[in-house]
Amino acid sequence: MRIKRDFYTRNTLIVAKELLGQYLVRKYKGKLLIGKIVETEAYIGPKDKASHAYSKKIQPSKDKLKVIEENWNRIKRYVEDKEIFIKRILRCKSCKVTKRNLAEYLKGGHIYIYLVYGNYYQLNITTFKEGYPECVLIRSVEPLLQMNANITQIEILPKGPGKLCQYFKLDNSFWGEDLCNSKRIWLEYGENIKENGIIKAKRIGIDYAKEYKNKLWRFYIKNNEWVSRK
DNA sequence: TCTACGATTTACT
DNA sequence: GTAAATCGTAGAA
């Protein structure tokens, strides 16, 4: 059964933890690719110095409005209440809004995807309410065997956030996509992972994030071979 | 407009 | 352990 909106619109750390064990489903060329989520990271902007919504400088309200208006057509179908959306963003003085990170502000259950290092996309799922830039990075899934799956076609395995996007054929066209309504990607309720089967760890690749680099906001399933780094 | 760099991966010492 | 690949975006000029 497809995961519903209220799963995503909760506290980001809780969602990051409870995403473990859920099934990521991608419809591609008539076939279903399915993976069990085994590793996640929470990004809680703007206080989080690792978040794309964090900025040392305070962005003027008129600059924020400009970014929102310039990109409104890309997100309008996903925004419930434009007034509240804008009001919350403007109220948050330390939030940064850019063309890239605007999707982070969508309410829980949307995709925030972007390119890093010129090669690799990073799949994030937004969390909490509309107008708050919080999300969960999906770092690894355990591929589930499918009937009709052409094994020889599967060369790249979804271990690590960049390879995961290659495995599921994800790119910028998924930016903003609603997991609660999409016909080509969604999540289904999978396995319930017990608290003592979850490892909390430091996030990967964010050494620039000062004191936030030490937050234990990475979660993974204990003893799972698909986790990217132990 | 121009420059620097990154929520990674891979190859190599 | 270190370094290179690679390019769209953010921030500076």
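Proteins get letters first, then strands, A, B, ... in listed order; numbering begins at 1 in each.
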Short side-chain N/O contact from A:T98 to OP1 or OP2 of C:dT9, under 4.0 Å: no
Interatomic distance, A:R229 CZ vs B:dA7 C1' [rounded to whole Å]: 11 Å
Of A:N172 and A:N119, the one whose closest DNA chain C nucleotide lies more 5': A:N119
Nearest-Å distance for atom pair NZ/P, residues A:K202 and B:dA7: 18 Å
Sugar-phosphate only, base, or nothing, as touched by A:G118 at under 4.0 Å among non-hydrogen atoms: base
Atom-to-atom span, OH of A:Y54 to P of C:dT9 - whole angstrom: 23 Å
Sugar-phosphate, base or nothing in reach of A:R203, heavy atoms under 4.0 Å: nothing
Main-chain N/O of A:E80 paired to A:E130 side chain as donor or acceptor, under 3.5 Å: yes
Minimum-distance pair of heavy atoms, taken over all atoms of A:L157 and A:W226: CB-CZ3, 3.8 Å
Rounded distance [0.5 Å steps], OG1 in A:T127 versus CD in A:E104: 9.0 Å
A:Y43 OH - B:dA7 P separation (whole Å): 7 Å
Length of the line joining A:I138:CD1 and B:dT8:P, which is rounded to integer Å: 14 Å
A:L115 CG to B:dA7 C1', straight-line distance once rounded to whole Å: 12 Å
N/O (side chain, A:K57) to phosphate O (OP1/OP2, C:dA10) under 4.0 Å: no
Sugar-phosphate only, base, or nothing, as touched by A:Q122 at under 4.0 Å among non-hydrogen atoms: sugar-phosphate
Side-chain N,O (A:K56) to OP1/OP2 (C:dG11) below 4.0 Å: no
A:R203 (side chain) donor-acceptor with A:E41 (main chain) under 3.5 angstrom: no
Salt-bridge contact A:E195-A:K200 (side-chain N to carboxylate O under 4.0 Å): yes
Between A:Y112 and A:Q122: side-chain donor-acceptor atoms closer than 3.5 Å: no
A:I156 CD1 to B:dT10 C1', straight-line distance once rounded to whole Å: 12 Å
Under-4.0 Å side-chain N/O to phosphate OP1/OP2 contact, A:R139 with B:dT8: yes
Rounded P spacing from B:dC2 to C:dT6 in Å: 23 Å
Shortest non-hydrogen contact between A:F7 and A:V15, atoms and distance: O-CG2, 3.4 Å
Position toward the 5' end of DNA chain B (nearest nucleotide), A:Q166 or A:Y208: A:Y208
Sugar-phosphate only, base, or nothing, as touched by A:L137 at under 4.0 Å among non-hydrogen atoms: base
Phosphate contact (B:dA7 OP1 or OP2) by A:Y120 side-chain N/O below 4.0 Å: no
Whole angstrom value for the distance that separates P of B:dA7 from CD of A:E104: 11 Å
Watson-Crick and G-U pairing of DNA chain B, under 3.5 Å, as dot-bracket with | and [ ]: ||||||.|||||.
Distance below 4.0 Å between A:K96 side-chain N/O and C:dG11 OP1 or OP2: yes
A:T126 side-chain N/O to A:K107 backbone N/O, donor-acceptor pair under 3.5 Å: yes
Stacking check A:Y117 vs C:dA5 (5.5 Å / 30 deg): no
